[in-house]
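The structure displayed is predicted, hence computed values, not measured ones.
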Amino acid sequence: MKKTLLIVAGVVLVVAVYVMSTYNGLVAKGEAVDNQWAQVETQYQRRLDLIPNLVESVKGVMKQEQTIFTALADARTRYAGAATINDKAAAATGVESAFGRLLAIMENYPQLQSSANVQTLMVQLEGTENRVSVERKRFNDGVRVLNVSIKTFPSSLVAGIFGFSQRNYFEAAAGAENAPAVKL
């Protein structure tokens with residue numbers, strides 16, 4: 001009788017240790033999934049912070065280029081339309097003035113600096129997109145590990161008793177397979 005009680009107590013102890021270990025494993029896997037989702041959101045925030053800077057830099061470069069090239073085009077048009085020598089001389093002075101401003105800008109390299117800022121932001125944005133992709137993959141990997149534990153026997157019994165449920169994988173939005181149209 002005493003031997004039977006020891007065997008039953010041993011079995012109960014093994015089951016209790018298994019249930020406790022499985023429960024703790026499921027909690028840890030659930031927390032890992034939550035943590036990984038937080039990493040995805042962190043990269044989303046980084047992307048949202050970078051985009052306004054990128055847009056403003058592009059606007060600056062475009063405005064700078066548009067001002068200079070508009071001045072040059074206007075000066076060339078006036079020169080082409082000039083009928084007299086005095087008008088051509090005046091128009092040529094306008095062209096020289098526009099070229100002078102262009103040279104001054106090129107000497108100071110603000111255009112190149114603006115472009116460099118845009119390039120830097122583009123690289124950062126591309127890096128952020130890569131980070132988002134990596135964090136999404138890690139999130140889906142964590143969800144897979146948790147869901148396998150919840151679905152497989154005998155851990156599925158412990159998951160059912162304590163109310164663990166499957167998590168959803170990250171899925172791309174509908175239409176994400178189509179490249180967006182870029183309009184400037």
Engineer: Going by heavy atoms in the side chains, are I150 and L26 under 4.5 Å from each other?
Structural biologist: yes
Engineer: Just how far is it from atom CD of Q124 to atom CZ of R131, taken to the nearest 0.5 Å?
Structural biologist: 8.5 Å
Engineer: Can you find a heavy atom in the side chain of V27 that is under 4.5 Å from one in the side chain of F162?
Structural biologist: no
Engineer: Check whether S21 reaches the backbone of V17 with its side chain - one donor and one acceptor, N or O, closer than 3.5 Å.
Structural biologist: no
Engineer: Do you reckon V40 sits in the same ILVMFWY cluster as L48, going by side-chain contacts under 4.5 Å, direct or chained?
Structural biologist: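 No, no single cluster joins them.
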Engineer: Can you name the closest pair of heavy atoms from L146 and R167 and give their distance?
Structural biologist: CD2-CG, 3.5 Å
Engineer: For the residue pair I161 and Y23, establish whether any side-chain heavy-atom pair is separated by less than 4.5 Å.
Structural biologist: no
Engineer: Nearest 0.5 Å please: distance from the NZ atom of K29 over to the CG atom of N147.
Structural biologist: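 Reported to 0.5 Å precision, the distance equals 10.5 Å.
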Engineer: Quick check: is Y169 connected to W37 through a chain of hydrophobic side chains (ILVMFWY, heavy atoms under 4.5 Å apart)?
Structural biologist: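 Yes, it is one cluster - the side chains of W37 and Y169 are joined through contacts under 4.5 Å.
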Engineer: Provide the closest heavy-atom pair for Y18 versus P154 in the form atom of the first, atom of the second, distance.
Structural biologist: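 Reported closest heavy-atom pair: OH-CG, 3.0 Å.
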Engineer: Going by distance alone, is a donor N or O of one side chain under 3.5 Å from an acceptor N or O of the other, for D49 and Q45?
Structural biologist: yes
Engineer: Using the rule that Ile, Leu, Val, Met, Phe, Trp and Tyr join whenever any side-chain heavy atoms are under 4.5 Å apart, tell me whether V148 and V145 fall into a single cluster.
Structural biologist: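 No; tracing contacts between hydrophobic side chains, which count when under 4.5 Å, never links both residues.
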Engineer: Salt bridge or not between D74 and R78? Use side-chain N to carboxylate O under 4.0 Å.
Structural biologist: no
Engineer: Looking only at heavy atoms, which two atoms of T128 and Q43 are closest? And how far apart?
Structural biologist: CG2-O, 3.5 Å
Engineer: Evaluate the side-chain proximity of F164 to S156: yes if any heavy-atom separation is below 4.5 Å, no if none is.
Structural biologist: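 No, too far: nothing below the 4.5 Å cut-off.
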Engineer: Check R136, E135, R138 against Q39 for a side-chain contact (heavy atoms from CB on, under 4.5 Å) and give me the one that passes.
Structural biologist: E135
Engineer: Look at the side-chain heavy atoms of Ile, Leu, Val, Met, Phe, Trp and Tyr, link any pair under 4.5 Å apart, and say whether L13 and I7 land in one connected group.
Structural biologist: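 Each belongs to a different hydrophobic cluster.
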Engineer: Can the ring centres of F170 and F139 be said to be less than 6.0 Å apart?
Structural biologist: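 No, the ring of F170 stays outside the 6.0 Å limit from the ring of F139, centre to centre.
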Engineer: S133 side chain to E129 main-chain N or O, any donor-acceptor pair under 3.5 Å?
Structural biologist: no
